[in-house]
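Working notes for the structure below.
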Amino acid sequence: MANDASAQARAWQRMLSGRRLDLLDPSPLDVEITDIAHGLARVARWNGQTNGDHAFSVAQHCLLVEQIFEIATPDADADCRLAALLHDAPEYVIGDMISPFKAVVGGGYKAVEHRLQVAVHLRFALPPELPEKLRKSIKRADQIAAYFEATRLAGFAEPEAARFFGRPRGFSADALAIAPLPARQVQKKFLERFGALEKSRNR
């Protein structure tokens, strides 16, 4: 009798915390912030095609997005800022797929990404689906971060980056933390920022 390869396929990822996260049906109970920080600090943005001695990691991108979001939305509470920090959290499991490849792969990738994002949100007491206004504010911060990353690190000319991400208004790259940092340093900064936001939420 032939083996059923689909039945034997492994759809879970073992984490350094000891958790085993099912990609097809992720449980919030298997999501740990230490795993997220470790993974995101070692996933390169722009497929690693950036200047500097270190990759510009997704963890550093998340810190940058949260920084921009906080500047753009000074009245946002700690829950909203945490949602900004965790906006790319699923990539600790599935990596950072560049936008052109996402367009080729289509809906399957997005379905997995969405399930993981919901599990992350539930784990940290955030709404499974963010309110539309908040989602758009985080997306705009994400685009501003992408513009500066593209022009300062990834070799894009400013007109080209503006065409893809929009031209930021009221922001200067000089005030933002864009220089790529070592993975362990970024991991530590990510966990520290998470801890500070959790402390604010619990006041």
Side-chain angles (χ1 to χ4, degrees), residues 10-17 19-47 56-70 72-73 76-146 149 165 186-187 189-191 193-198 200-201:
R10 178 170 67 90
W12 51 265
Q13 167 74 48
R14 185 178 297 282
M15 303 298 172
L16 288 178
S17 66
R19 296 290 188 184
R20 194 167 76 171
L21 185 67
D22 187 333
L23 274 67
L24 300 180
D25 186 21
S27 167
L29 297 176
D30 291 325
V31 174
E32 296 289 348
I33 193 61
T34 52
D35 293 329
I36 293 173
H38 183 96
L40 294 185
R42 288 160 178 80
V43 175
R45 288 271 291 169
W46 307 95
N47 269 355
F56 188 82
S57 69
V58 174
Q60 193 167 354
H61 166 74
C62 288
L63 287 164
L64 178 60
V65 169
E66 196 266 328
Q67 181 188 6
I68 292 169
F69 175 79
E70 188 173 18
T73 320
D77 62 19
D79 281 14
C80 295
R81 297 199 303 272
L82 182 61
L85 182 70
L86 296 174
H87 79 281
D88 275 343
E91 294 180 9
Y92 88 104
V93 182
I94 56 179
D96 180 32
M97 187 180 293
I98 60 173
S99 296
F101 196 51
K102 284 183 183 179
V104 172
V105 172
Y109 174 89
K110 287 198 168 292
V112 173
E113 182 181 45
H114 181 260
R115 285 194 291 268
L116 288 165
Q117 190 72 70
V118 168
V120 169
H121 280 187
L122 292 175
R123 171 64 178 85
F124 300 114
L126 293 170
E129 305 290 343
L130 298 179
E132 186 67 8
K133 183 178 179 181
L134 174 58
R135 188 191 66 77
K136 287 183 175 179
S137 295
I138 294 172
K139 182 61 178 177
R140 184 57 190 142
D142 189 26
Q143 290 173 326
I144 292 170
E149 292 168 21
F165 310 113
V186 175
Q187 180 178 346
K189 284 179 177 291
F190 187 94
L191 287 171
R193 186 58 184 153
F194 174 85
L197 291 172
E198 282 289 84
S200 294
R201 297 175 80 199

Please determine whether side chain to side chain contact (heavy atoms under 4.5 Å, CB included) holds for the pair Arg193 and Glu198, giving the CA-CA distance in whole Å, both sets of side-chain angles, and the decisive distance to 0.1 Å.
CA-CA 9 Å; Arg193 186 58 184 153; Glu198 282 289 84; over 6 Å; no

How long is the span from the [atom1] atom in [X] to the [atom2] atom in [Y], to the nearest 0.5 Å?
X	Y	atom1	atom2	result
Leu86	Phe194	CG	CZ	6.5 Å
Leu85	Leu64	CG	CG	11.5 Å
Asp142	Cys62	CG	SG	8.5 Å
Asp77	Arg201	CG	CZ	8.5 Å
Arg20	Arg14	CZ	CZ	6.0 Å
Leu126	Leu82	CG	CG	5.0 Å

Might you work through the salt bridge (Lys or Arg N to Asp or Glu O under 4.0 Å) test for Glu91 and Arg45, ending with a clear yes or no?
CA-CA 10 Å; Glu91 294 180 9; Arg45 288 271 291 169; 5.6 Å; no

Closest heavy-atom contact between [X] and [Y]?
X	Y	value
Ser27	Ala119	C-CB, 4.4 Å
Ala59	Val186	CB-CG1, 3.4 Å
Pro128	Leu122	CG-CD2, 3.6 Å
Ala76	Phe69	CB-CE2, 3.6 Å
Pro90	Leu116	CB-CB, 3.8 Å
Ala145	Val65	CB-CG2, 3.8 Å

Of all residues at least two apart in sequence or in a different chain, which pass the ring-ring contact (aromatic ring centres under 6.0 Å, His included) check with His87?
His61

Would Arg19 and Asp35 count as a salt bridge (Lys or Arg N to Asp or Glu O under 4.0 Å) here? Give the steps.
CA-CA 9 Å; Arg19 296 290 188 184; Asp35 293 329; over 6 Å; no

Is the shortest side-chain heavy-atom distance between Arg135 and Arg140 below 4.5 Å?
no

Is any side-chain heavy atom of Arg123 closer than 4.5 Å to a side-chain heavy atom of Asp30?
no

Between His121 and Leu130, is the side chain to side chain contact (heavy atoms under 4.5 Å, CB included) condition met? List the steps.
CA-CA 9 Å; His121 280 187; Leu130 298 179; 3.7 Å; yes

As a quick check of understanding, evaluate side chain to side chain contact (heavy atoms under 4.5 Å, CB included) for Leu197 and Asp79, giving each step before the final call.
CA-CA 8 Å; Leu197 291 172; Asp79 281 14; over 6 Å; no

Begin from the C-alpha positions of Tyr92 and His38 and carry the test side chain to side chain contact (heavy atoms under 4.5 Å, CB included) through to its verdict.
CA-CA 8 Å; Tyr92 88 104; His38 183 96; over 6 Å; no

Between the side chains of Asp25 and Arg115, is the shortest nitrogen-to-carboxylate-oxygen separation below 4.0 Å, so that they form an ion pair?
no

